[in-house]
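One structure is given here, and the rest of the page talks about it.
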Protein chains: 2
Amino acid sequence: MTADRVSARTDPDPEAAREAVADGTAREAVVTVFGRCEVEYDGRASSYLGPGDRLVVLKPDGTLLVHTEEQRTPVNWQPPGSEHEATVEDDSLVVTGVRESPDERIVVRFADVHQVSTLAMADERDLELVGTEADLKQHLLDDPDRIEEGFRPLATERETPAGAVDIYGEDADGDPVVVELKRRRVGPDAVGQLDRYVTALDRDLHADATVRGILVAPSVTDRAAALLDEHGLSFVSVDPAADLDAPRAE
Amino acid sequence: MTADRVSARTDPDPEAAREAVADGTAREAVVTVFGRCEVEYDGRASSYLGPGDRLVVLKPDGTLLVHTEEQRTPVNWQPPGSEHEATVEDDSLVVTGVRESPDERIVVRFADVHQVSTLAMADERDLELVGTEADLKQHLLDDPDRIEEGFRPLATERETPAGAVDIYGEDADGDPVVVELKRRRVGPDAVGQLDRYVTALDRDLHADATVRGILVAPSVTDRAAALLDEHGLSFVSVDPAADLDAPRAE
DNA sequence: CGATGGATATCGCAC
DNA sequence: GTGCGATGTCCATCG
């Protein structure tokens with residue numbers, strides 16, 4: 001039934017492994033190679049990984065992953081857009097991934113191939129993700145009083161010389177307000193971001209009014225709180241989990 | 001020879017698949033499951049991924065990856081430290097990954113399992129990576145004139161109320177200098193970082209001398225350059241590739 | 001193509 | 001455990 005979708009070979013000799021990889025690649029399948037290998041990488045940085053057992057995944061979009069038995073992040077990789085090639089050198093399977101811009105190359109040399117599989121995938125479903133900063137923004141626009149009593153949003157992604165502001169609006173007194181949103185606890189970087197926007201907008205609007213800055217996030221670190229104070233910026237706490245559990249705005 | 005290291009089953013029924021996954025997990029092997037599945041995730045955010053073919057990887061450290069035929073980043077995942085479980089519900093294989101702190105859960109429900117493999121890995125080799133910011137720092141400490149004629153480094157990771165400074169030293173006039181390093185082209189964020197250090201150190205040393213700030217990187221964006229100017233900070237260009245190609249300092 | 005900033009970022013280190 | 005910053009970050013969006 002699914003035999004044409006999957007092919008698996010255990011302990012292939014190098015030439016058989018090369019053929020399986022080349023076949024799978026040509027058929028736009030995902031190819032996995034499990035075996036003992038060394039990995040060399042050269043590009044934005046350079047690396048060498050000595051011999052060990054790893055799982056190598058080749059995707060038809062040019063992605064190449066080298067996974068060890070630990071970590072979420074691959075120990076070596078090539079991003080989408082690379083060209084894969086499988087050859088036999090010195091009686092060893094060698095898988096190469098090359099891309100340009102930036103110029104990068106990864107070479108995986110197998111001392112032993114324990115398994116090669118080719119997996120023909122059909123997948124057109126997109127991920128539906130909830131709880132991002134964009135979702136938080138929408139909830140706050142639906143109920144601006146959560147930011148501040150009387151706050152009126154006027155624009156999102158408003159452009160300033162320092163970049164785009166998450167939410168731009170006016171407070172109860174009609175003074176301009178810049179709101180920077182974060183979906184999780186923030187450190188000094190977010191304060192710097194907000195301060196850049198406030199400073200830029202202050203200059204843009206010149207002396208019409210003083211621009212206020214509000215950082216909206218679940219919480220802030222001590223250092224961030226000190227920086228907020230130093231720059232005369234405000235902080236408003238929001239619980240993003242509340243929006244996750246109760247997406248309806250009453 | 002390596003038959004005990006690899007086990008592969010094609011088109012297993014749900015119970016056989018569950019057993020294979022449970023077996024591999026118990027033996028601390030890496031387990032791959034290829035099949036048509038739905039994925040639900042709930043934790044820091046929430047997501048739903050409709051039916052499609054994906055490659056699921058379970059690592060003995062608790063990592064769980066769900067890969068589609070595209071992208072370097074898994075469409076869904078669980079970081080190391082999760083607990084894996086395989087069950088059969090409604091005649092379907094269900095793989096669950098749960099972790100605490102943060103409280104997160106991923107559920108992969110298979111409509112069809114095309115292949116299950118268990119891969120016993122032996123890997124004690126660490127990655128040797130060259131071309132990081134730490135490498136760049138070492139090269140600059142070996143030849144401080146690359147930063148500025150007469151610059152003398154006094155400390156690395158010097159602590160300030162705003163965080164640790166990459167390189168702290170004195171210029172030819174004996175005035176204090178803060179150096180912030182980046183291994184690639186930088187934007188406004190790095191300028192903010194440098195400015196926080198300079199401001200904090202200026203305050204710390206009070207009126208003894210004016211602290212200078214130097215951003216050392218391959219290049220800067222226009223916005224970053226404007227910010228540097230605005231804050232009276234300097235920029236020095238370095239080519240990290242030069243260090244990569246010629247690690248010997250002349 | 002570069003610039004900018006988000007991410008379920010992950011990861012390592014210092015406290 | 002939290003805080004902080006680097007990452008071969010990756011990635012989408014927008015100009």
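Chain identifiers are assigned alphabetically (A, B, ...) following the order of the sequence lines, protein sequences preceding nucleic acid strands; residue numbering begins at 1 within each chain. What you see below is based on every heavy atom in this structure, not just the backbone, and it leaves out hydrogens, waters and symmetry mates.
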Open item on the list: Go nucleotide by nucleotide along DNA chain C from the 5' end; which of Gly163(A) and Glu104(B) gets its closest nucleotide reached first?
Closed with: Gly163(A)
Open item on the list: If I pick the P atom on dC4(D) and the same atom on dG8(D), what distance separates them, to the nearest angstrom?
Closed with: 23 Å
Task: Side-chain N or O of Gln78(A) closer than 4.0 Å to phosphate OP1/OP2 of dG8(D) - done: no
Task: Spacing of Glu70(B) atom CD relative to dC10(D) atom C1', expressed in whole Å - done: 15 Å
Open item on the list: Categorize Arg184(B) for me: base, sugar-phosphate, or nothing, with a 4.0 angstrom heavy-atom threshold over every strand shown.
Closed with: base
TODO: Flag the pair Val107(A) / Val39(A) as yes when at least one side-chain heavy-atom distance between them is below 4.5 Å, and no otherwise.
DONE: no
Task: From dC4(D), dT7(D), dA6(D), nucleotide with atom closest to Arg183(B) side chain - done: dT7(D)
Open item on the list: Return whichever of Leu127(B) or Gln71(B) has its heavy-atom-nearest nucleotide of DNA chain D closer to the 5' end.
Closed with: Leu127(B)
Task: Rounded distance in Å - NZ (Lys182(B)) to P (dC4(D)) - done: 15 Å
- [ ] Please report, rounded to the nearest Å, how far the C1' atom of dT7(D) is from the CG atom of Asp189(B).
- [x] 13 Å
Task: Interatomic distance, Arg158(B) CZ vs dG5(D) P [rounded to whole Å] - done: 16 Å
- [ ] Select base, sugar-phosphate, or nothing to describe what Ala190(B) touches, counting heavy atoms under 4.0 Å on all strands.
- [x] nothing
TODO: Nearest whole angstrom, please: distance from the C1' of dT7(D) to the CG of Leu129(B).
DONE: 9 Å
Task: Lys/Arg N to Asp/Glu carboxylate O, Lys59(B) vs Glu69(A), below 4.0 Å - done: no
Task: Length of the NZ-C1' vector between Lys137(B) and dA6(D), whole Å - done: 11 Å
TODO: May I ask you to say whether Glu230(A) pairs ionically with Arg203(B), meaning some side-chain N is under 4.0 Å from a carboxylate O?
DONE: yes
Task: Between dA7(C) and dT7(D) - C1' atom distance, rounded Å - done: 13 Å
TODO: Would you kindly give the OH-to-C1' distance between Tyr41(A) and dT7(D), to the nearest whole Å?
DONE: 11 Å
Task: Note, Leu233(B) side chain near Leu215(B) side chain (heavy atom, < 4.5 Å) - done: no
TODO: Please round to the nearest 0.5 Å and tell me the distance separating atom OG of Ser82(B) and atom CD of Glu104(B).
DONE: 7.5 Å
- [ ] Report yes if some heavy atom in the side chain of Thr221(A) is under 4.5 Å from a heavy atom in the side chain of Val186(A); otherwise report no.
- [x] no
- [ ] Classify the nucleic acid contact of Pro79(A) as base, sugar-phosphate or nothing, counting any heavy atom under 4.0 Å across all strands shown.
- [x] base
Open item on the list: Please classify the nucleic acid contact of Pro80(A) as base, sugar-phosphate, or nothing, using heavy-atom distances under 4.0 Å.
Closed with: sugar-phosphate
TODO: Return the value, rounded to whole Å, for the distance between atom CD of Glu157(B) and atom C1' of dC4(D).
DONE: 11 Å
Open item on the list: Please determine whether a side-chain nitrogen of the Lys or Arg among Arg212(B) and Glu148(B) lies less than 4.0 Å from a carboxylate oxygen of the Asp or Glu.
Closed with: yes
- [ ] May I ask you to evaluate whether Arg185(A) reaches the phosphate of dC4(D), defined as a side-chain N or O under 4.0 Å from OP1 or OP2?
- [x] no
TODO: Quick one: label Arg196(A) by what it contacts on the DNA or RNA (base, sugar-phosphate, nothing), any heavy atom closer than 4.0 Å.
DONE: sugar-phosphate
- [ ] Give the nucleotide from the list dG3(D), dC11(D), dC10(D) with an atom nearest to the side chain of Arg44(A).
- [x] dC10(D)
Open item on the list: I want to confirm an ordering. Mapping Gly187(A) and Thr132(B) to their closest nucleotides on DNA chain D, which one lands closer to the 5' end?
Closed with: Gly187(A)
Open item on the list: Need two values: the first and the last nucleotide of DNA chain C, 5' to 3', having an atom under 4.0 Å from any heavy-atom of chain A.
Closed with: dG5(C) to dG12(C)
- [ ] Please determine if Lys137(B) and Asp166(B) form a salt bridge, counting it only when a charged side-chain N lies under 4.0 Å from a carboxylate O.
- [x] no
Open item on the list: A side-chain contact here means heavy atoms from C-beta on lying under 4.5 Å apart; do Thr68(A) and Val30(B) qualify?
Closed with: no
Open item on the list: Classify Asn76(A) by what it touches in the nucleic acid, base, sugar-phosphate, or nothing, heavy-atom distance under 4.0 Å.
Closed with: base
Task: Earlier contact from the 5' end, DNA chain C, for Tyr197(A) and Val75(B) - done: Tyr197(A)
